[in-house]
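Throughout, residue positions are numbered sequentially from 1 according to the sequence presented.
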Amino acid sequence: MASSLTEGSAASAEKTFFGHPRGLATLFMTEMWERFSYYGMRALLVYYLVSGGADAATGSQGGGLAMTAATTTAIYSVYVSMVYLMAMPGGWFGDRVWGARKTVAIAGFVIMAGHLSLALPGQAMFFVGLILVAAGSGLLKANISTMVGHLYDGPEDPRRDGGFTLFYIGINLGAFVAPLVVGTVGKEHNWHLGFALAAVGMGLGLTQFLLGTKHLSPKSSLVPNPLTPEERKAVLTKAVFAVLGIAVFYGAVVALGAYTLNWALVPLTLAGLIIPIAVLTRIKRDKDLSGAEQSKMTAYIWFFIAAAVFWMIYDQGGSTLSLFADDKTASTVFGLGFSATWYQSLNPLFVMALAPVFAWLWLWLARKNQEPNTIVKFAMGLVLIGASFFVFIVPMNMAGGDAKVSPMWLVSIYMIQTIGELCVSPVGLSVTTKMAPQKYASQMMGVWFLAVTAGDCITSLLSIAGVDLNGLGVIALQAAAAALAGFAVYSYRKKVQGLMGGVH
């Protein structure tokens with residue numbers, strides 16, 4: 001997959017990955033296998049939670065945790081939000097403790113242990129597995145994206161956006177294969193065998209990373225802002241007291257016989273909403289930032305809010321849309337049956353098909369001096385994600401009683417969402433690295449992922465409150481909110497661009 005470009009002599013030959021630094025191949029493959037493990041497990045999660053219960057689809061495999069659809073959606077949303085919330089401390093570890101490269105290696109082992117825990121029967125091992133996967137994914141996500149940025153010569157390197165787009169294809173290649181393999185084996189045959197396959201995927205990704213680290217930038221091994229001995233002692237002390245405090249509190253709740261799942265879900269959901277606000281406020285008020293960095297942070301808040309609204313709807317593709325796919329959508333095409341988990345492969349399939357087209361389109365428009373700026377791209381993404389839920393209203397109306405709708409409805413919804421994603425996600429990753437204050441280099445990538453946390457926690461809070469996310473009124477309200485947010489971002493584009501300085 002790598003090509004050789006020779007300049008002058010054989011001694012000056014430099015191996016590249018589609019014209020990009022060779023280290024991109026290592027990060028591409030590592031992230032591909034990590035996403036295989038993550039999306040394979042995620043494709044099973046909702047179905048495993050409802051399996052055996054009243055809200056499971058007729059004729060579905062038993063052996064799950066028999067939870068309601070509302071509880072399942074809340075758990076799913078909290079889990080996804082925690083994966084992205086943990087990207088913040090993950091970036092902190094990369095910045096201040098281990099450096100990006102070492103943090104990613106440790107994360108791979110933690111994720112693999114989590115999937116192996118899920119492969120063991122029992123509700124306790126299931127939740128232990130979720131915690132480990134969430135923690136490991138958080139450690140990995142912020143740092144591996146930062147290492148992609150390390151491969152290029154600063155924010156103005158013309159290859160930078162293209163490199164992130166290729167990296168994004170790696171993410172989606174793993175995400176495409178996972179539901180077809182892990183999802184089918186787990187949902188149709190054996191839940192725990194499916195989870196075990198996810199562990200194998202992470203093992204392959206970890207191996208790839210360890211073998212290819214020599215091709216990464218030396219910056220990836222550095223700790224940009226290492227803790228002083230005094231800071232290290234203070235952090236350890238706070239961590240010990242926090243863990244003891246939580247243990248004592250929940251021990252008392254259990255001892256009193258008052259514990260229910262909401263004792264875990266509600267605090268985590270509220271934390272997922274409060275922490276992003278607190279983090280942005282802390283960075284914005286940091287007096288060490290220059291005036292230009294402060295201005296960029298003000299502009300970045302606009303992007304953050306827009307992204308949170310986007311992910312609130314987008315991530316329901318693995319919960320609200322998944323449950324609809326299993327219960328209300330036909331499971332055959334031209335007489336051939338397939339698992340409902342296969343719908344989870346649609347989005348990454350469309351990304352791989354359309355990402356190169358979008359990358360070419362942006363470059364073509366740039367040469368003509370007509371490329372939409374980052375703000376306009378975000379506005380387009382919001383309008384499109386809203387449109388996808390307006391379309392969703394149609395099959396919801398058609399699927400009354402025992403009627404099942406054509407799979408093409410979900411295909412159309414996922415395609416619209418994918419086009420919106422390509423206007424938001426790779427662009428957001430790139431603009432985050434461009435606008436990040438130097439002091440918060442890795443942590444700012446974690447801040448970007450906190451937008452996902454905030455969006456998913458809104459979904460979780462609605463589920464915990466008893467809101468029927470499959471109700472027509474709620475779907476229409478979310479669609480309208482996203483579309484209006486898109487128009488608002490577009491209306492204030494000149495003000496935001498002025499705050500961004502020279503970043504476009």
Side-chain angles (χ1 to χ4, degrees), residues 38 76-92 134 137-138 140-146 164 168 171 268-284 296-319 347 374-375 377-386 417 420-437 440-462 478 481-482 484-486 488-489 492 496 499-500 503:
Y38 173 76
Y76 172 87
S77 299
V78 166
Y79 165 69
V80 174
S81 71
M82 290 302 105
V83 168
Y84 290 93
L85 177 62
M86 292 302 294
M88 190 67 214
W92 181 86
S137 296
L140 185 141
K141 286 191 71 63
N143 290 285
I144 199 166
S145 298
T146 298
F164 273 100
Y168 209 64
I171 292 173
L268 289 173
T269 298
L270 293 176
L273 293 172
I274 294 170
I275 289 174
I277 297 172
V279 169
L280 285 170
T281 301
R282 177 176 62 84
I283 296 176
K284 186 70 178 66
K296 289 178 182 178
M297 279 304 303
T298 301
Y300 190 78
I301 291 172
W302 281 82
F303 293 113
F304 184 92
I305 295 171
V309 174
F310 179 89
W311 296 116
M312 176 188 71
I313 294 178
Y314 178 89
D315 273 343
Q316 289 183 56
S319 55
N347 170 259
T374 301
I375 306 162
K377 291 175 183 176
F378 264 69
M380 291 165 59
L382 285 168
V383 171
L384 285 165
I385 201 70
Q417 291 189 348
E421 179 189 4
L422 289 171
C423 293
V424 171
S425 193
V427 176
L429 285 170
S430 183
V431 80
T432 296
T433 62
K434 292 177 181 178
M435 296 175 66
Y440 299 98
S442 290
Q443 291 181 60
M444 276 302 294
M445 195 60 69
V447 172
W448 165 250
F449 292 128
L450 285 181
V452 186
T453 296
D456 280 307
C457 281
I458 294 172
T459 302
S460 177
L461 198 61
L462 291 172
Q478 291 181 81
L484 288 173
V489 169
Y492 284 89
V496 178
L499 293 169
M500 293 172 68
V503 177

Item to check | Derivation and outcome, side chain to side chain contact (heavy atoms under 4.5 Å, CB included), residues Cys423 and Phe310 | outcome: CA-CA 11 Å; Cys423 293; Phe310 179 89; over 6 Å; no

Checklist entry - Is the backbone N or O of Gly90 less than 3.5 Å from a side-chain atom of Asn143, with the two atoms forming a donor-acceptor pair by type? => result yes

Next on the checklist: How close do Gly486 and Val383 get, counting heavy atoms only, and between which atoms?
Outcome noted: CA-CG2, 4.2 Å

Checklist entry - Excluding sequence neighbours, so at least two apart, what forms side chain to side chain donor-acceptor pair (under 3.5 Å) with Thr459? => result none

Checklist entry - Distance from Met380 atom CE to Leu422 atom CG, nearest 0.5 Å? => result 10.5 Å

Checklist entry - Quick check: does any side chain N or O of Ser81 sit under 3.5 Å from a backbone N or O of Ser77, one acting as donor and the other as acceptor? => result yes

Item to check | Any pair counted as side chain to side chain donor-acceptor pair (under 3.5 Å), so long as it reaches residues 444-458, sequence neighbours left out | outcome: none

Checklist entry - Any side-chain heavy-atom pair from Lys141 and Val83 closer than 4.5 angstrom? => result yes

Item to check | Which residues share a side chain to side chain donor-acceptor pair (under 3.5 Å) with Ser137, sequence neighbours left out | outcome: none

Item to check | Separation of Ser145 OG from Ile171 CD1 (nearest 0.5 Å) | outcome: 6.0 Å

Checklist entry - With respect to Tyr314, which candidate in Val424, Ile385, Val452 satisfies the side-chain contact (heavy atoms from CB on, under 4.5 Å) definition? => result Ile385

Item to check | Set of residues satisfying side chain to side chain contact (heavy atoms under 4.5 Å, CB included) with respect to Met82, sequence neighbours excluded | outcome: Val78, Leu85, Ala134, Leu268

Item to check | Which residues share a ring pair (Phe, Tyr, Trp, His ring centres under 6.0 Å) with Tyr76, sequence neighbours left out | outcome: none

Checklist entry - So how far is it from Leu382 CG to Ile313 CD1, rounded to the nearest 0.5 Å? => result 8.5 Å

Checklist entry - Looking only at side chains, do Gln417 and Asn347 share a donor and an acceptor under 3.5 Å apart? => result no

Item to check | Set of side chain to side chain donor-acceptor pair (under 3.5 Å) partners for Gln478, sequence neighbours left out | outcome: Gln316

Item to check | Check: Val447 and Met88 side chains under 4.5 Å, non-hydrogen atoms | outcome: yes

Listing, residues 274-282 side-chain donor-acceptor contacts under 3.5 Å, not counting sequence neighbours, or none:
| residue | atom | partner | partner atom | Å |
| --- | --- | --- | --- | --- |
| Thr281 | OG1 | Ile277 | O | 2.7 |

Checklist outcome for this item: For Ala87 and Phe449 the tightest heavy-atom approach is CB-CD1, 3.6 Å

Item to check | Closest non-hydrogen atom pair between Ala306 and Phe378, with its separation | outcome: CB-CD2, 3.9 Å

Do any side-chain atoms of residues 297-304 form donor-acceptor pairs under 3.5 angstrom with protein atoms, and if so which ones, sequence neighbours left out?
| residue | atom | partner | partner atom | Å |
| --- | --- | --- | --- | --- |
| Thr298 | OG1 | Lys284 | NZ | 3.2 |
| Thr298 | OG1 | Gln294 | O | 3.2 |
| Tyr300 | OH | Thr432 | OG1 | 2.8 |

Checklist entry - Taking all atoms of both residues into account, what is the closest heavy-atom pair of Ala482 and Val309, and its distance? => result CA-CG1, 3.9 Å

Checklist entry - Of all residues at least two apart in sequence or in a different chain, which pass the ring pair (Phe, Tyr, Trp, His ring centres under 6.0 Å) check with Tyr38? => result none

